[in-house]
Amino acid sequence: RQHSSTGEFRAQPPISSYGNDYNAVGYYEQNDPYHQSRQRSLLPQVAMIAVAALSVVGLMVLAFFAFQRFVAPAIDESKERNRAVEARKVQDEAQRVLAEAEAEEAKQRAKIKKLFTNGKVAISKRKWDAAATVYKEARALDPVNTEPTRALNVIAAEKRAKRRFDKSEKAFAEKRYADAIRLHRRIPDSSVYRADADAALKAIAGVLEIDGDHACDKRKWTECKEKYSLAVSTTFASSDVEAKFAKVLKKAKRRRRSR
């Protein structure tokens with residue numbers, strides 16, 4: 001049979017005893033010179049491809065080991081440096097925040113100390129509203145500190161004592177001596193107005209003694225007795241007043257008996 005491309009005549013593959021059935025592939029692989037030449041021409045190409053594949057694999061293996069030997073340690077070292085830099089940044093930031101907090105705390109302590117000083121000065125001058133304002137501000141800045149609360153309690157007590165003292169002075173001016181004595185005696189011993197109240201009671205006792213003497217001179221025995229009695233109730237009356245009061249009481253008893 002003539003080949004269509006080369007013009008060569010090739011033997012017809014044998015026909016089997018089973019009719020037209022034959023193994024064309026096996027025949028061409030064994031007896032076809034063209035097919036055998038193609039196989040021979042493909043072998044170098046396959047070999048080159050195999051060599052290239054092996055070279056690529058070798059290069060990949062070499063690259064992997066080079067990466068593990070040189071590149072990976074460098075990457076790890078770079079990462080470690082970056083972590084160290086980040087840790088240093090965090091530490092520096094923490095130190096900065098701590099320094100700012102300490103500076104702010106020192107500033108606040110100084111401000112609170114100044115407030116305490118101003119509060120004590122205001123108390124010494126009996127400026128109760130100003131002192132209360134100062135200690136309230138100090139308490140807001142330092143809620144844990146109990147000193148501002150104690151100071152505010154003292155200020156509140158002193159303001160009550162001041163109101164009583166003012167009322168007693170007004171009663172004294174209006175000659176309501178009994179009210180004046182009662183209000184003065186209600187001022188606590190711990191108050192800064194206690195000494196002023198005692199001085200006022202002493203003054204009231206002196207006035208009542210004089211008024212009692214005048215009433216006795218005019219033989220107004222009831223008025224005389226009331227004045228001396230009030231003077232004695234101040235606890236600041238002189239011994240003369242007490243003697244005069246006792247004398248008036250004896251006279252009153254004799255008058256009642258004579259009746």
Side-chain angles (χ1 to χ4, degrees), residues 115-139 145-259:
L115 288 171
F116 285 164
T117 302
N118 294 339
K120 292 176 181 178
V121 171
I123 287 176
S124 66
K125 295 180 179 180
R126 301 185 181 183
K127 296 180 178 180
W128 308 118
D129 291 335
T133 300
V134 169
Y135 278 109
K136 285 178 181 178
E137 184 177 356
R139 184 173 61 182
N145 196 334
T146 59
E147 183 177 350
T149 301
R150 291 196 301 268
L152 288 169
N153 291 335
V154 170
I155 291 169
E158 293 296 347
K159 290 175 75 173
R160 288 193 297 269
K162 176 66 166 58
R163 288 193 295 269
R164 289 173 182 169
F165 183 81
D166 292 341
K167 289 180 180 179
S168 63
E169 290 293 286
K170 183 179 179 181
F172 175 70
E174 296 173 354
K175 296 185 178 182
R176 292 184 290 111
Y177 299 120
D179 291 338
I181 293 169
R182 177 178 56 81
L183 289 168
H184 277 310
R185 291 178 66 84
R186 289 181 62 190
I187 294 175
D189 293 339
S190 59
S191 173
V192 296
Y193 293 99
R194 183 66 262 172
D196 297 338
D198 290 343
L201 287 170
K202 189 174 183 179
I204 292 172
V207 170
L208 289 170
E209 181 180 0
I210 294 172
D211 290 348
D213 292 341
H214 290 163
C216 288
D217 291 342
K218 295 179 181 180
R219 296 180 178 275
K220 295 180 180 180
W221 306 115
T222 302
E223 183 180 349
C224 176
K225 177 184 174 181
E226 290 177 356
K227 299 297 183 182
Y228 286 152
S229 177
L230 286 173
V232 171
S233 69
T234 64
T235 67
F236 286 96
S238 64
S239 58
D240 295 338
V241 173
E242 293 180 358
K244 292 175 184 178
F245 181 53
K247 186 177 179 180
V248 168
L249 289 178
K250 288 180 181 181
K251 288 181 179 181
K253 287 181 181 180
R254 285 197 297 268
R255 287 195 301 273
R256 285 196 297 269
R257 288 173 185 175
S258 62
R259 292 176 184 176

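Positions are given from 1 along the sequence.
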Chemist: Compare all side-chain heavy atoms of Phe165 with those of Arg194 and state whether any distance is below 4.5 angstrom.
Modeler: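 The answer is no, as the side chains (C-beta and beyond) never meet within the 4.5 Å cut-off.
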Chemist: Can you find a pair of side-chain heavy atoms, one from Ser191 and one from Glu158, that are under 4.5 Å apart?
Modeler: yes
Chemist: What closest approach, in Å, do Ala161 and Pro188 show between heavy atoms, and which atom pair accounts for it?
Modeler: CB-CD, 4.4 Å
Chemist: Any chance you could measure Tyr135, atom OH, to Thr149, atom OG1, to the nearest 0.5 Å?
Modeler: 11.5 Å
Chemist: Could you tell me whether a side-chain N or O of Arg186 sits under 3.5 Å from a main-chain N or O of Arg164, the two making a donor and an acceptor?
Modeler: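 Between the backbone of Arg164 and the side chain of Arg186 there is no qualifying donor-acceptor contact (under 3.5 Å).
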Chemist: Can a donor-acceptor pair be found, under 3.5 Å and without considering hydrogens, that links the side chain of Ser124 to the backbone of Val121?
Modeler: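 Pair found, side chain donor or acceptor close to backbone of Val121.
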Chemist: Any ion pair linking Lys170 and Asp166 (charged N to carboxylate O, less than 4.0 Å)?
Modeler: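 No, this pair does not count.
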Chemist: Does Arg182 pair with Asp179 as a salt bridge, N-O distance under 4.0 Å?
Modeler: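 Yes, this pair counts.
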Chemist: With a 3.5 Å cut-off and sequence neighbours excluded, list the donor-acceptor pairs that the side chains of residues 205-219 form with protein atoms.
Modeler:
residue	atom	partner	partner atom	Å
Asp213	OD1	Tyr228	OH	2.2
Asp213	OD1	Lys244	NZ	3.1
Asp213	OD2	Lys244	NZ	3.0

Chemist: What are the two closest heavy atoms between Leu230 and Ile181, and how far apart are they?
Modeler: O-CD1, 3.6 Å
Chemist: List for me each residue that meets salt bridge (Lys or Arg N to Asp or Glu O under 4.0 Å) alongside Arg126, sequence neighbours excluded, and say none if there are none.
Modeler: Asp196
Chemist: Which residues pass the salt bridge (Lys or Arg N to Asp or Glu O under 4.0 Å) test with Lys136, sequence neighbours left out?
Modeler: none
Chemist: Rounded to the nearest 0.5 Å, what separation is found between the CG atom of Leu152 and the CD atom of Glu147?
Modeler: 10.5 Å
Chemist: For the residue pair Asn145 and Phe116, establish whether any side-chain heavy-atom pair is separated by less than 4.5 Å.
Modeler: yes
Chemist: Nearest 0.5 Å please: distance from the OG1 atom of Thr235 over to the CG atom of Asp198.
Modeler: 7.0 Å
Chemist: I need the Ile204 CD1 to Glu169 CD distance, nearest 0.5 Å.
Modeler: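 One gets 7.0 Å once the value is rounded to the nearest 0.5 Å.
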Chemist: List for me each residue that meets side-chain hydrogen bond (donor to acceptor under 3.5 Å, both in side chains) alongside Tyr193, sequence neighbours excluded, and say none if there are none.
Modeler: Trp128
Chemist: For Lys159, what residues pass the salt bridge (Lys or Arg N to Asp or Glu O under 4.0 Å) criterion, not counting sequence neighbours?
Modeler: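 Lys159 satisfies salt bridge (Lys or Arg N to Asp or Glu O under 4.0 Å) with Asp129 only.
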Chemist: Looking at every non-hydrogen atom in both residues, tell me the closest pair between Arg185 and Thr234 and how far apart they are.
Modeler: NH1-O, 3.7 Å
Chemist: For a quick test of reading the model, state the closest non-hydrogen atom pair linking Val134 to Gly119 and the distance between them.
Modeler: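 The answer is CG1-N, 3.7 Å.
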Chemist: Among residues at least two apart in sequence or on other chains, which ones pass salt bridge (Lys or Arg N to Asp or Glu O under 4.0 Å) with Glu223?
Modeler: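 None.
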